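Every chain is numbered from 1 and lettered A, B, ... according to where its sequence line falls, protein lines coming before strand lines. Please read these numbers as outputs of a predicted model, since none were measured by experiment.
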Amino acid sequence: MVEATEDLDRICNTLDKLTLDALSLMEEEIQLKLIMENSMCGGEGHLAKARYIMGQSNVSFLQLPTENSTEFSAVTKVFTNEEDKLYGEKSFELRVVKKDEDETVHDPLKWFGYLVPQNLNYAQNMFRQALQWAIEALNIQTQLRETVRKIEQLKQVKANIVLK
Amino acid sequence: MALHSALKGKLISVIGDEDTCVGFLLGGVGEINKNRQPNFLVVDKNTAVSEIEDCFKRFVKRDDIDIILINQNIAEIIRHVIDNHNSPIPAVLEIPSKDHPYDASKDSILRRAKGMFNPDEVL
């Protein structure tokens, strides 16, 4: 009986700690997404300026590759960090693939022509920043998912002890 | 062994409106693989819900995609499919769009986390 009470106390303390962790992770994820939103807004502003200079249809989905285009590899890929585990889950890391590692990569700016306004370069930089923030938010989301899973497990254990 | 797996990067796929797709593809996430499959989908007002659902399910099945970025307003359209996706890989990140700012109350993962604060379960 005393043991069960001690176990219950330990579980409740752990649940409290995990709940506080979950709340701060939720806040952190929201903050990161808002920062990402700012980067995206900046990038979209530069895209709009580039459209104003080059024409509406010259900065649009028409420049994007389709299924009929030649195959090419992504310049920006994501790698999982096996050694650095957050809460038992692997974390993501963004990396740029260089031309000497994979010959089919090329700068996406080339889809829009060879002499593009600086605004497209700025837009590219802002969206690259947005990608970094997205990966940070994703790593926090992974931690949050794991914390919520642990909370649910502990709640189940707590319910089993209380029912006894 | 670790170096080999470190060299094999995985893709970030995008399901979004025109500006989101153009922007992130400018950032370098786009790819057309040898099966002529793109890792992005531009969604406009004429895109059918079934097309978005099928695209999401295709991206989930692909083993070369680890992350799916999806505009939150598009995620709302296929909410039932996203809520049924429980595996950590590929990870789904709901992102804001030009016309729809980020709303934390609609985010799948945050809603699930908020759901654990259920007063009925307090013992």
Side-chain angles (χ1 to χ4, degrees), chain A residues 19 22 26 29-30 33-34 36-37 40-41 43-44 47 59-61 63-80 82-83 89 92 95-97 101 105 107-109 120 123-124 126-128 130-131 134-135 137-138 141-142 144-145 148 151-152 155 158-159 162, chain B residues 1-2 5-13 17-40 42 44 64-67 69 72 86 88-98 101-102 104 107 109-110 112-118 121 123:
Chain A
T19 307
M26 283 163 74
E29 188 185 341
I30 292 170
K33 283 193 175 173
L34 290 174
M36 187 178 91
E37 186 175 11
M40 284 175 69
C41 281
E44 279 150 7
L47 279 180
V59 183
S60 70
F61 69 93
Q63 275 67 47
L64 299 183
T66 62
E67 284 114 353
N68 301 322
S69 313
T70 48
E71 61 180 89
F72 65 94
S73 302
V75 173
T76 310
K77 283 189 173 170
V78 73
F79 294 75
T80 43
E82 297 276 350
E83 283 118 24
E89 293 286 331
F92 290 110
R95 264 186 245 163
V96 173
V97 176
E101 290 169 22
V105 302
D107 189 354
L109 273 174
L120 267 186
Q124 187 178 51
M126 299 233 67
F127 275 99
R128 280 181 179 158
L131 272 172
I135 298 303
L138 212 51
Q141 187 175 277
T142 306
L144 177 61
R145 182 197 282 271
V148 166
I151 289 173
E152 280 164 2
K155 274 187 176 174
K158 181 182 168 188
V162 166
Chain B
M1 206 57 153
S5 63
L7 287 174
K8 280 180 71 176
K10 295 290 175 86
L11 297 174
I12 302 169
S13 60
D17 58 21
E18 184 177 6
D19 267 10
T20 303
C21 287
V22 169
F24 281 115
L25 261 68
L26 254 185
V29 303
E31 177 172 294
I32 305 281
N33 66 8
K34 54 181 183 282
N35 299 324
R36 294 271 188 265
Q37 290 167 326
N39 65 329
F40 57 93
V42 180
D44 58 25
D64 58 346
I65 291 177
D66 259 8
I67 295 174
L69 298 179
Q72 201 171 43
N86 287 318
I89 300 285
V92 179
L93 191 74
E94 294 181 27
I95 58 176
S97 68
K98 187 175 69 179
Y102 179 63
D107 191 309
I109 306 293
L110 290 177
R112 250 181 251 180
K114 212 169 72 166
M116 60 176 188
F117 299 112
N118 188 346
E121 288 179 14
L123 293 166

Closest heavy-atom pair and its distance - [X], [Y]:
X: A/Thr80; Y: B/Asp66; answer: CG2-OD2, 4.0 Å
X: A/Ala74; Y: B/Leu11; answer: CB-CD2, 3.6 Å
X: B/Val92; Y: A/Gln141; answer: O-NE2, 3.1 Å
X: B/Asp107; Y: A/Glu29; answer: OD2-OE2, 4.2 Å
X: B/Ala113; Y: A/Met26; answer: CB-SD, 3.8 Å
X: B/Ile32; Y: A/Ser69; answer: CG2-O, 4.3 Å

Separation of [Y] [atom2] from [X] [atom1] (nearest 0.5 Å):
X: A/Asn68; Y: B/Arg36; atom1: CG; atom2: CZ; value: 7.5 Å
X: A/Ile135; Y: B/Ile67; atom1: CD1; atom2: CD1; value: 3.5 Å
X: A/Lys33; Y: B/Ile95; atom1: NZ; atom2: CD1; value: 9.0 Å
X: B/Asn35; Y: A/Glu71; atom1: CG; atom2: CD; value: 9.0 Å
X: A/Phe79; Y: B/Lys10; atom1: CZ; atom2: NZ; value: 10.5 Å

### Region of B/Ile12 in contact with chain A, defined by heavy-atom distances below 4.5 Å
side chain

### Query
In terms of heavy-atom proximity below 4.5 Å to chain A, should B/Asp44 be classed as side chain, backbone, both, or neither?
neither

For residues 18-27 of chain B, dump all side-chain donor-acceptor pairs below 3.5 Å to protein atoms at least two apart in sequence or in another chain.
unit_1  : atom_1 : unit_2  : atom_2 : d
B/Glu18 : OE2    : A/Phe61 : N      : 2.9
B/Asp19 : OD1    : A/Arg51 : NH1    : 3.2
B/Asp19 : OD1    : A/Arg51 : NH2    : 2.7
B/Asp19 : OD2    : B/Lys98 : NZ     : 3.2
B/Thr20 : OG1    : B/Asp17 : OD1    : 2.6
B/Thr20 : OG1    : B/Asn71 : OD1    : 3.3
B/Thr20 : OG1    : B/Asn71 : ND2    : 3.3

At a 4.5 Å cut-off on heavy atoms, which part of [X] comes close to chain B: side chain, backbone, both, or neither?
X: A/Leu109; result: both
X: A/Gln63; result: neither
X: A/Leu120; result: both
X: A/Leu138; result: both
X: A/Met36; result: side chain
X: A/Leu131; result: both

### Task
Pick whichever of A/Val78, A/Val148, A/Val75 has the most heavy-atom pairs under 4.5 Å with chain B.
A/Val78

### Task
Output the option from A/Cys41, A/Gly43, A/Ser60, A/Ala130 having the highest count of non-hydrogen pairs under 4.5 Å with chain B.
A/Ser60

## Note on the structure
The salt bridge (charged side-chain N to carboxylate O under 4.0 Å, His left out) partners of B/Asp64 (sequence neighbours excluded) come to B/Arg62

### Between B/Ala104, B/Gly30, B/Ala91, the one whose heavy-atom pairs under 4.5 Å with chain A are most numerous
B/Gly30

